[in-house]
Amino acid sequence: MPVWTLGLNHTTAPLDLRGRFAFALDQLPPTLQGFRRSLASHLSREPEAAILSTCNRTEIYCAADQLASHDTLHWLAETGGVSAQALQSHTYLLEGDDAARHAFRVASGLDSMVLGEAQILGQLKDAVRAADEAGALGTTLNQLFQRSFAVAKEVRTATEIGAHSISMAAASVRLASQLFEDLRQIRVLFVGAGEMIELVATHFAARQPKAMAIANRTLDRGEKLAGRFGAEVLRLADLPERLHEFDAVISCTASTLPLIGLGAVERSLRRRRFRPMFMVDLAVPRDIEPEVKSLEDVYLYTVDDLASVVQTGQAHRQAAVAEAEVIIDAGVQSFMHWLTQRGTVPLIQQLQTQAEAWRESEMARARKLLARGESPEAVLEALSRGLTQKMLHGTLADLRSADAEHRDQAMQAVQRLFLRKER
């Protein structure tokens, strides 16, 4: 069964293009169902599929009776409203062991912008759970992902891949400290209440800012997170009127449209008398309009802008990367061995079915002989002889074949299967 991965990430596609292909977690089940139906028209049955979508990547993992990478690309392009030709130059297509190696590297944090970061493993597990709930996983992809989780655990246990990593959250605080002399004197606004905002808020809270506030679409989630940090809770509708109060704004939501526009920021700057504003947009697609970056007193950073900051300490991790790749290679070999063996399963099942039919036939014959009063020794002799004849009939017929080439192949098979020495 062919396995393939089609994706785009922070190294192959710019942020705004990646934003066209971002899927919220709750969108994954219906999206997967639509994708599988689309490919089923070109295949004998619906493929196995899973979609991983984060701020840095969107990847489709597939397994089917035959390769359908071309159709996968066209579906993704149509979903994002771009041509397949335009998208292709920003994507990567991996098949077989390359696809398995990629999945293992992603799970282990080796393919992340923040080398060795652990968040991606949780995101991958969420994606697999969503695919499972949508009924899109089968035996092959389930094996691929379960093995990727095991490999990732071994990489983190056996190497120091994450020991020197700087997270996006820590990078945000580091950049803010470069702009403001004392973070204890600033007011910080967080837009969103998801996992990333929780991480960033934790890092900022450790620096004890003057005030913190959380604006979220649903107040319940916002209140729960705000309670951890003693922060104020805002509604998203309050942003235009309250934005000027904050020196630092960090946003990361699943909104498909920007929440903070150029006009709102311009008005806020005037009310602040043009005191500088530090803004970080960790969302894909963007939460803050890109034109905001052109304002003189605004320091706006996106996910891609943080890349150089999070690379700090990369040299210290190169030895750990080499160790991790050895673990990953072993995992890939094990998965490909399993996948290759899967191809023999139907034949093994047929062989077992045939052997069971012979056994039942000879057992029925033996019972009849016993019922007639035949001696157990004679019945056992007949049973063993009957089974032997049935098992060897096809083999002996091939050895007597008039076709010399066919007969030679049969002889080699007999030598290998029946006449090898017991170890």
Side-chain angles (χ1 to χ4, degrees), residues 1-5 39-49 61-71 94-101 137-144 146-147 329-423:
M1 175 174 283
V3 176
W4 70 95
T5 302
L39 258 66
S41 60
H42 306 282
L43 301 170
S44 58
R45 60 187 176 90
E46 289 188 350
E48 299 179 30
Y61 293 83
C62 297
D65 292 336
Q66 62 189 72
L67 187 65
S69 54
H70 179 76
D71 300 311
L94 304 164
E95 302 173 17
D97 57 348
D98 289 333
R101 179 173 288 101
L137 285 189
T139 303
T140 301
L141 284 190
N142 186 60
Q143 275 286 324
L144 175 67
Q146 293 307 317
R147 288 168 183 260
D329 284 343
V332 170
Q333 291 177 16
S334 175
F335 173 73
M336 293 307 295
H337 177 68
W338 174 85
L339 191 60
T340 302
Q341 283 189 321
R342 288 282 297 168
T344 65
V345 168
L347 181 60
I348 291 172
Q349 291 174 336
Q350 292 175 25
L351 185 60
Q352 289 174 332
T353 299
Q354 179 65 78
E356 181 62 19
W358 288 337
R359 188 190 71 83
E360 289 179 355
S361 173
E362 291 304 316
M363 285 294 293
R365 182 166 169 260
R367 291 190 188 97
K368 289 180 181 178
L369 291 174
L370 288 171
R372 289 184 202 163
E374 295 283 348
S375 69
E377 291 81 4
V379 172
L380 287 173
E381 183 71 21
L383 175 65
S384 63
R385 188 179 297 111
L387 279 173
T388 301
Q389 290 173 346
K390 283 181 168 61
M391 290 173 62
L392 294 180
H393 175 73
T395 303
L396 295 175
D398 275 5
L399 289 173
R400 298 187 185 107
S401 171
D403 184 335
E405 183 179 353
H406 186 83
R407 187 167 61 250
D408 287 343
Q409 291 174 352
M411 290 174 64
Q412 292 175 16
V414 168
Q415 291 283 346
R416 186 175 69 256
L417 298 175
F418 295 103
L419 301 180
R420 62 182 178 182
K421 294 180 179 179
E422 293 294 333
R423 294 179 180 176

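This structure is a prediction, so every number in the text was calculated from the model and none was measured. Throughout, residue positions are numbered sequentially from 1 according to the sequence presented.
Between the side chain of Glu374 and the main chain of Val379, no donor-acceptor pair closer than 3.5 Å is present. Remark: the backbone N or O of Ala357 is not paired with any side-chain donor or acceptor of Ser361 at under 3.5 angstrom. Remark: the backbone N or O of Ala330 is not paired with any side-chain donor or acceptor of Ser334 at under 3.5 angstrom.
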Would you please test Arg359 and Glu356 for side chain to side chain contact (heavy atoms under 4.5 Å, CB included) and show each step? CA-CA 5 Å; Arg359 188 190 71 83; Glu356 181 62 19; 2.8 Å; yes
Working for side chain to side chain contact (heavy atoms under 4.5 Å, CB included), residues Met411 and Leu399: CA-CA 7 Å; Met411 290 174 64; Leu399 289 173; 3.6 Å; yes
Please evaluate residues Asp65 and Leu43 with respect to the criterion side chain to side chain contact (heavy atoms under 4.5 Å, CB included), reporting the C-alpha separation (whole Å), side-chain torsions for both, the decisive distance (0.1 Å), and the verdict. CA-CA 7 Å; Asp65 292 336; Leu43 301 170; over 6 Å; no
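For NE2 of His393, the number of neighbouring non-hydrogen atoms (other residues, nucleotides, ligands) closer than 6.0 Å is 12 at most.
Rounded to the nearest 0.5 angstrom, Arg101 CZ and Asp329 CG are separated by 5.0 Å. Distance check: Asp98 CG to Met336 CE gives 9.0 Å after rounding to the nearest 0.5 Å. Atom CZ of Arg45 sits about 11.0 Å away from atom CD of Gln66, to the nearest 0.5 Å. Atom CG of Leu387 sits about 10.5 Å away from atom CG of Leu392, to the nearest 0.5 Å. Within the model, atoms CG of Leu369 and CD of Glu381 stand 12.0 Å from one another, a figure rounded to the nearest 0.5 Å. Distance CZ/Arg385 to CG/Leu380: 11.5 Å, rounded to 0.5 Å.
Residues Ala99 and Leu94 come closest through the heavy atom pair CB-O, 3.6 Å. The shortest non-hydrogen separation linking Glu48 to Leu141 is OE1-N, 2.8 Å. Contact between Val332 and Ala100 at its shortest, heavy atoms only, is CG2-C, 4.2 Å. Residues Glu362 and Lys390 share a closest heavy-atom pair of OE2-NZ, 2.6 Å. Pairing each heavy atom of Phe335 with each of Thr140, the nearest pair is CE1-O, 4.0 Å. The two residues Pro47 and Ala40 have their closest heavy-atom pair at CD-N, 4.4 Å.
Here the side chains of Gln415 and Gln412 are not in contact, with every heavy-atom distance at 4.5 Å or above.
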